[in-house]
Amino acid sequence: MEADNSKQPERKSLDDRNRMTELERLRHSCAHVMAAAIAKLWPDAQFAAGPAVENGFYYDVELEHRITPEDFAAIEAEMKKEIKANRPFEKVIVTREQAMKDAQSGRLGALGERNISSKFKLGNLADIPEGEAISYYKSGDFIDLCAGPHVMRTGNIGAYKLTSVASAYYKGDEKNPQLQRIYGTAFKNKTELEAYFKMIEEAKRRDHRRIGAEMGLYVIDTEYVGPGLPLWLPKGGEIVEELEKLAKETEFQAGYVRVKTPHIAKEVMYKTSGHLPYYAESMFPPMELREGAGEVSKNRVAGPAGTEEAPIKYYLKAMNCPHHHRIFAAEPRSYRDLPLRLAEYGCCYRYEQSGELFGLMRVRSLNMNDSHIYCTPEQFAQEFNAVNEMYLRYFKIFGIEKYVMRFSTSAPEGMGKKYVGEPELWKQTEDMVRQVLIDSKINYVEVPNEAAFYGPKIDVQVWSVIGREFTLATNQVDFAVPKRFGLTYRDRDNTDKTPLCIHRAPLGTHERFIGFLIEHYAGNFPLWLAPQQVRVLPVTDDQIDYAKGIAKELRSQFVRVDMDVTGDKIRGKIQKAETEKIHTMLIVGGREQESNAVAVRVHGKGDQGVKPRTEVIADILQAIKERRP
RNA sequence: GCCGGCUUAGCUCAGUGGUAGAGCAGCUGAUUUGUAAUCAGCAGGUCGUCGGUUCAAGCCCGACAGCCGGCUCCA
C-alpha cells in the first residue's frame, strides 16, 4: 500500500507513519479488509495503494470487472465476515529478495499465490529506499506489502461503509495505468459513522451550488452561454457590487489607482510576457483578424501579419498583468512615481478542462480582484507587508479564521526551464518574502518547486466550513516579466532600472470568493453583504402605506429593501422571508403604525422585539456602514 | 482530457416495456390575517439530444452533450 496520494508526492517516512492516529490506523486497516474482500470476489485483482485519507480510506485496484456501487453490498458482506472473525494483523519483516519473490508469484495484495505477478506491489517495492525495513501485514490469508501501522485485530473496525468508486492513475501519474479507486469510510462505532453521514448531509445543504440556485444568486447556462461561464443574477450581482465597493474603498485608502483594460490583446502581448506558448492550452483559442498589417514591425513579429496567409491573432486575456505592464509603459516613469499600484477588477478567461469545472469555484470566466504594484527593491518589503496586512484585514471582516499562507519557491532543477534563469534574483526575492513572513508572524508553510515562472508566490489556502480546501487568494512577486516588457523607471542616479512587480489578489476572484462565502455563511450573509437586506411585512393591507414609507426611507439610504404585499397571513410572509434568507424583517401591524415603531425579526435569530422606527433605521444604516459581521 | 455515475415540469423528486405524476414555485380568485406555509382553481413536459431494438420505449442498446464524484491540471 505504500504509494502516497498524489498531493504528497514524497513517500511517507516511517516516523510519519508511526504518528498515524488511532482512527487513521483503523481506516487503513479497513482498506486491507476491503482489499481482502475484493480479492476473494475477484482473485485476479491487482492492488496498488490503500491509504487512510481525510474522511476515510481508499484502495486502488486494477480489475477487469468494473466495480459499481451495486457491488458494494457483496464486498461489505465479505468484509463483515473478516471483521467478525476478528483476525489479528500480523507484521512480518522480510528481506527485499523475499518480497520481490512474493510479488513475482502474485502473493502480495492477495489471498494466495497466483499465476500473475503483483505488478503494482513490485513497483511500490522499488520505491522503498535501501536500508528501510520491508514489512508485510497479514490478516487471515490476505498478505499485503505494508509498512503499517494497523489496529490489533480486524474486529477493532467498528463501523464502516463503502462510499464511492472513482478512477485514479497509478502513483498519480497520467502516463500510468488507470485504476479503480474504491472509497470507504470507517469509524470506531456506528454512532460516529452515522454522525459522519449526517455531517455529509449538512455539507450538501451548504453547497454553494445548491444555495446559489435556491437564493437566485447565479446560473450557469450551458446551453446558450457555455459551461464555466456563470451569469450573476441580480441578487448575486449585489454581492459582487458590495465586494467591489469594499475593494475599491480599501485600495483607495491604501494608495492604489484604478485602471480599466480590454478583455483581449494581440498575440505579441503573450509572447512577450512569456505566457505563450507554455500556457496556450489554458487559454481560449485565438481569434484571427485579417487587418492591421502595417502595425506589425514594431511588435517584432516576422512575416506579413494581418494578411490572409498570416492573420493577426487576438487572445482573450487569461491574466491582467500584461495589460497593466503596458499601462506602466505608457508614460515615462520616475522613481518618484513609485510605488505605482494599478488596480482593476479585471475579467479573465481561462480554458479550464471540462472535468475541472466546479460550480463557482472553478470557472472559465473570472473577475479578479487584481492589482500590480511596481516598486523599487528598497520599497519591496514595505509594499509586500502592506499587502499581507490587507489580506488579514479582509479575513477579519469575513471572519475567516482557518487559513494558511503557502509560500511557493523555486527549485534548482527547474532553473532556466520551469523558472526564469536568474538564480541570484530568485534567491534575493525569496529571502525578502520569507523575511516579511517571519517578521509579521504570519502562519505559513514553504513549498519548494511550486513558484510561478516569474517569481515566488504566496497562495492563501482556506477551508470552507464543509471542508473544501481552496486557494482563495494569491500574492506573487515578479522580477522577470517587467524586464521582458522592457519596463523601466529613471532612478535618482539618472539611470534606467527595472521595477519589481507584486501581483496580488486578496479577494481572489468574485466567482471563487463568493462561492466560498456562500458556504462559509451557509447563505446567511451579514447585513452589509446580504443580497436582500430588509423586507417590510405589513400585517394587513391597512399598514401598506406605513410600510411603504419605511421602505422608501431605507431605499433613499441605499438599503436593499422590498415589501411583501401578498394576501398571505403574517406567518406565511415570515416563512417566505426566512426561506429566502432575508436578513432583517420589519413587521408592521396596527400597533406599530400607531406608535411609529417596527417589530424587528432577524433571519435565523427570531423576534427581536418592537423598537422605535428611527432607532431601527439608524441601527440598520450603522451595521451596513461598519460592515458588521 | 481520463474513469464511473446521473439527466423526467422553474426547483425537489416518483414513475421496471402498454398513450406522463406529486409537492413547492408560478398565474387567477377568495381570504385581511400578529412572528417559519390561508383556501380553491388554473397552467406547466416531443422524459438532455440523435440513432437503434420492439407491435409498443421515460424505461432496453449505442453515440454525443451537460452535470455529479474522483483523477490529472490550475500563470
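Convention: sequence-line order gives letters A, B, ...; per-chain numbering from 1. Quick caveat, the model's predicted, so the values are computed rather than measured.
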Look at the side chain of Q575(A) and decide which nucleotide, out of U32(B), A36(B), G34(B), has an atom nearest to it. A36(B)
Counting Watson-Crick and G-U wobble pairs only, both distances under 3.5 Å, name the nucleotide matched with G26(B), or none. C42(B)
Which is true for K573(A) with a 4.0 Å heavy-atom rule: it touches a base, it touches only sugar-phosphate, or it touches nothing? nothing
Using purine N1 to pyrimidine N3 plus N6-O4 or O6-N4 for Watson-Crick, or N1-O2 and O6-N3 for G-U wobble, both under 3.5 Å, which nucleotide pairs with U33(B)? none
Under 3.5 Å on both distances, the Watson-Crick or G-U partner of C6(B): G66(B)
Out of C67(B), G70(B), G26(B), whichever nucleotide has its closest atom nearest the side chain of R181(A): G70(B)
Whole-Å distance between A36(B) P and Q608(A) CD? 13 Å
Between Y454(A) and H503(A) (judged by ring centroids, cut-off 6.0 Å), do the two rings come close enough to count as a pair? yes
Starting the side chain at C-beta, find the nucleotide from C73(B), U35(B), G34(B) nearest to V539(A). G34(B)
Taking U35(B), G66(B), A36(B) as options, the one with an atom nearest any side-chain atom of D607(A) is U35(B)
Taking N and O atoms by type only, does the side chain of Q180(A) place a donor or acceptor under 3.5 Å from a partner on the base of G70(B)? no
Students often get this wrong, so: under 4.0 angstrom with heavy atoms, is G590(A) touching a base, only sugar-phosphate, or nothing? base
Using whole Å, what does the distance between atom C1' of nucleotide C74(B) and atom CZ of F284(A) come to? 14 Å
Could you tell me whether R27(A) sits above the aromatic face of F57(A), with NZ or CZ closer than 6.0 angstrom to the six-membered ring centre and within 45 degrees of the axis? no
Measuring only the P atom in each nucleotide, how far is A57(B) from C47(B)? A whole number of Å is fine. 12 Å
Watson-Crick/G-U partner (both atom distances under 3.5 Å) of G51(B): C61(B)
R364(A) to Y349(A), cation-pi by 6.0 Å centre distance and 45° axis angle: no
Under a 3.5 Å cutoff, is there a donor and acceptor pairing between the side chains of T566(A) and K576(A)? no
Both D541(A) and V600(A) contact RNA chain B. Which one's nearest nucleotide lies toward the 5' end? D541(A)
Between CD of E214(A) and P of U12(B) the distance, given in whole Å, is 9 Å
Would you mind telling me which of Y59(A), F120(A), Y58(A), W42(A) makes a ring pair (Phe, Tyr, Trp, His ring centres under 6.0 Å) with F47(A)? Y59(A)
Would you mind classifying the nucleic acid contact of A577(A) as base, sugar-phosphate or nothing, using non-hydrogen atoms under 4.0 angstrom? nothing
Taking the same atom, P, in C59(B) and in A20(B), what whole-Å distance lies between them? 12 Å
Using the C1' atoms only, state how far A63(B) lies from A56(B), rounded to an integer number of Å. 24 Å
Write down the distance separating the P atoms in G34(B) and C39(B), rounded off to the nearest Å. 15 Å
In whole angstroms, how far is the P atom of C67(B) from the CZ atom of R210(A)? 19 Å
Expressed as a whole number of Å, how far does the C1' atom of A37(B) sit from that of G45(B)? 27 Å
With both distances kept under 3.5 Å, what pairs with U19(B), Watson-Crick or G-U wobble? none
Give a yes/no answer on whether the side chain of R362(A) brings an N or O atom under 4.0 Å of OP1 or OP2 in U72(B). no
Inter-nucleotide P distance (U38(B), C24(B)), Å rounded: 11 Å
Taking CD from E580(A) and P from A25(B), how many angstroms apart are they, rounded to a whole number? 11 Å
Proximity to the side chain of Q353(A) - top-ranked nucleotide from C73(B), G66(B), A36(B): C73(B)
Residue K569(A), side-chain atoms from C-beta onward, closest of G66(B), U38(B), G1(B): U38(B)
For D542(A), report the nucleic acid contact type (base, sugar-phosphate, nothing); a contact means any heavy atom under 4.0 Å. nothing
For Y183(A) and for E352(A), locate the closest nucleotide of RNA chain B by heavy-atom distance; then report the residue assigned to the nucleotide nearer the 5' terminus. Y183(A)
Using the P atom on both, measure G1(B) against C42(B) and round to a whole Å. 47 Å
What's the closest nucleotide to the R209(A) side chain, out of G66(B), C73(B), C68(B)? C68(B)
NZ/NE/NH1/NH2 to OD/OE distance under 4.0 Å, E214(A) and K581(A): no
Sub-6.0 Å ring centroid separation between Y345(A) and H510(A): yes
Could you check R210(A), R209(A), R205(A) and say which one makes a salt bridge (Lys or Arg N to Asp or Glu O under 4.0 Å) with D207(A)? R209(A)
Can you tell me the distance, in whole Å, between the CG atom of D564(A) and the P atom of U35(B)? 16 Å
Rounded to whole angstrom units, what separation is found between the CZ atom of F358(A) and the P atom of G66(B)? 18 Å
Measure CD/Q543(A) against C1'/G34(B) and give the value in whole Å, please. 10 Å
Between R571(A) and G34(B), is there a side-chain N or O to OP1/OP2 distance below 4.0 Å? no
Which nucleotide sits closest to the side chain of I570(A): A36(B), G69(B), G34(B)? G34(B)
Pick the P atom in G58(B) and in U19(B), then give their distance to the nearest Å. 10 Å
Determine the contact category for G589(A): base if any of its heavy atoms lies under 4.0 Å from a base atom, sugar-phosphate if only primed atoms, P, OP1 or OP2 are that close, otherwise nothing. base
